[in-house]
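Structure first, then comments.
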Amino acid sequence: DIQMTQSPASLSASLEEIVTITCQASQDIGNWLAWYQQKPGKSPQLLIHSATRLADGIPSRFSGSRSGTQYSLKISRLQVEDTGIYYCLQRYSNPWTFGGGTKLELK
Amino acid sequence: QVQLEESGPGLMQPSETLSLTCTVSGFSLTSNGVGWVRQPLGKGLVWMGTIWAGGSTNYNSAVQSRLSISRDTSKSQVFLKMNSLQPEDTGTYYCARQGVYYGLFDYWGQGVMVTVSS
């Protein structure tokens, strides 16, 4: 199985701060990666697909990047509504696996 | 617009068979696949299985022996059946649409909470 090691597990940041979350894949997964945001009691929302492409309706302060098997989600200027838990997902091979999640809070 | 809605019983007994329904609108099941994802309370997301637009299925090997996913395209419904339930199957079950980009989930239902307890 492909392991998606997500870090950090939790993060506290200030308004307007730049935030970066990473997922390290245990093997090559190409661009078969997405990022999701989940708020308490809600279902996940797609932020980034194809590793680097912004999903429809998502603010441009969110961006995705890839360096080899390391994938990053960057929030350029943190806003209040960005708090929640973030997950990466690889769909390169079965079983598709999510990262462990990053809980993002405001400082 | 695209919508997915899960339904099913909230409380199950150990060893019983779980049956969930995902009713979709705004797209056709013959155009997009639908997958099921489970989230234990307070924990992360686990993909369980998917039924593709062509009707084929893929399952997570961790639950494959207990899981079956099927659909009724005329009713725009996808079904999950999982037998031999155990308390560790407790959690929120989501159905989600496979999008056009790498088949990644792009729309999710609101989820249905299932508790397995005697």
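Chain identifiers are assigned alphabetically (A, B, ...) following the order of the sequence lines, protein sequences preceding nucleic acid strands; residue numbering begins at 1 within each chain.
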Chain A interface, residue from Leu45(B), Val46(B), Val37(B) that has the most non-hydrogen pairs under 4.5 Å
Leu45(B)
Between atom CZ of Phe105(B) and atom NE2 of His49(A), what is the distance when rounded to the nearest 0.5 Å?
15.0 Å
Checking side chain to side chain contact (heavy atoms under 4.5 Å, CB included) between Pro95(A) and each of Val63(B), Asn60(B), Asn58(B), which is the one that passes?
Asn60(B)
Engaged part of Gln64(B) at the chain A interface, taking heavy atoms whose separation is under 4.5 Å
neither
Same hydrophobic cluster for Phe79(B) and Ile51(B), using side-chain heavy-atom links shorter than 4.5 Å among ILVMFWY?
no
Under 4.5 Å to a heavy atom of chain B? For Asn31(A) that would be both
Would you check if the side chain of Tyr102(B) reaches a backbone N or O of Ala34(A) as a donor-acceptor pair within less than 3.5 Å?
no
Rounded to the nearest 0.5 Å, what's the gap from OG on Ser43(A) to CG on Leu4(B)? Could you check?
9.0 Å
Within one Ile-Leu-Val-Met-Phe-Trp-Tyr cluster: Tyr94(B) and Leu47(A), side-chain cutoff 4.5 Å
yes
To the nearest 0.5 Å, what is the distance between CD (Gln45(A)) and CG (Asp106(B))?
11.5 Å
Are Leu54(A) and Tyr107(B) connected into the same hydrophobic cluster when the rule is that any two of I, L, V, M, F, W, Y join if their side-chain heavy atoms are below 4.5 Å apart?
no
How many angstroms lie between CD1 in Ile85(A) and NZ in Lys43(B), if you round to the nearest 0.5 Å?
13.5 Å
Partner of Trp96(A) under ring pair (Phe, Tyr, Trp, His ring centres under 6.0 Å), picked from Tyr59(B), Trp36(B), Trp47(B), is Trp47(B)
Partner chain B: residue of Lys42(A), Gln90(A), Gln38(A) with the largest heavy-atom pair count (under 4.5 Å):
Gln38(A)
Nearest 0.5 Å, please: how far is CG in Leu104(B) from CZ in Arg91(A)?
6.5 Å
With a 4.5 angstrom heavy-atom cut-off, could you sort out which part of Thr50(B) is near chain A: side chain, backbone, both or neither?
side chain
Would a single hydrophobic cluster contain both Ile18(A) and Ile48(A), if residues Ile, Leu, Val, Met, Phe, Trp and Tyr are joined by side-chain heavy-atom contacts under 4.5 Å?
no
Angle between ring planes, Trp108(B) versus Tyr36(A), binned at 30° and 60°: parallel, tilted or perpendicular?
perpendicular
Mark yes when over 12 heavy atoms from residues, nucleotides or ligands other than Tyr101(B) sit less than 6.0 Å from its OH; otherwise mark no.
no
Go through Gly44(B), Gly35(B), Gly49(B), Gly103(B) and name the one with the most non-hydrogen pairs under 4.5 angstrom from chain A.
Gly103(B)
Is it true that Leu46(A) and Tyr92(A) fall in one hydrophobic cluster, defined by side-chain heavy atoms closer than 4.5 Å?
yes
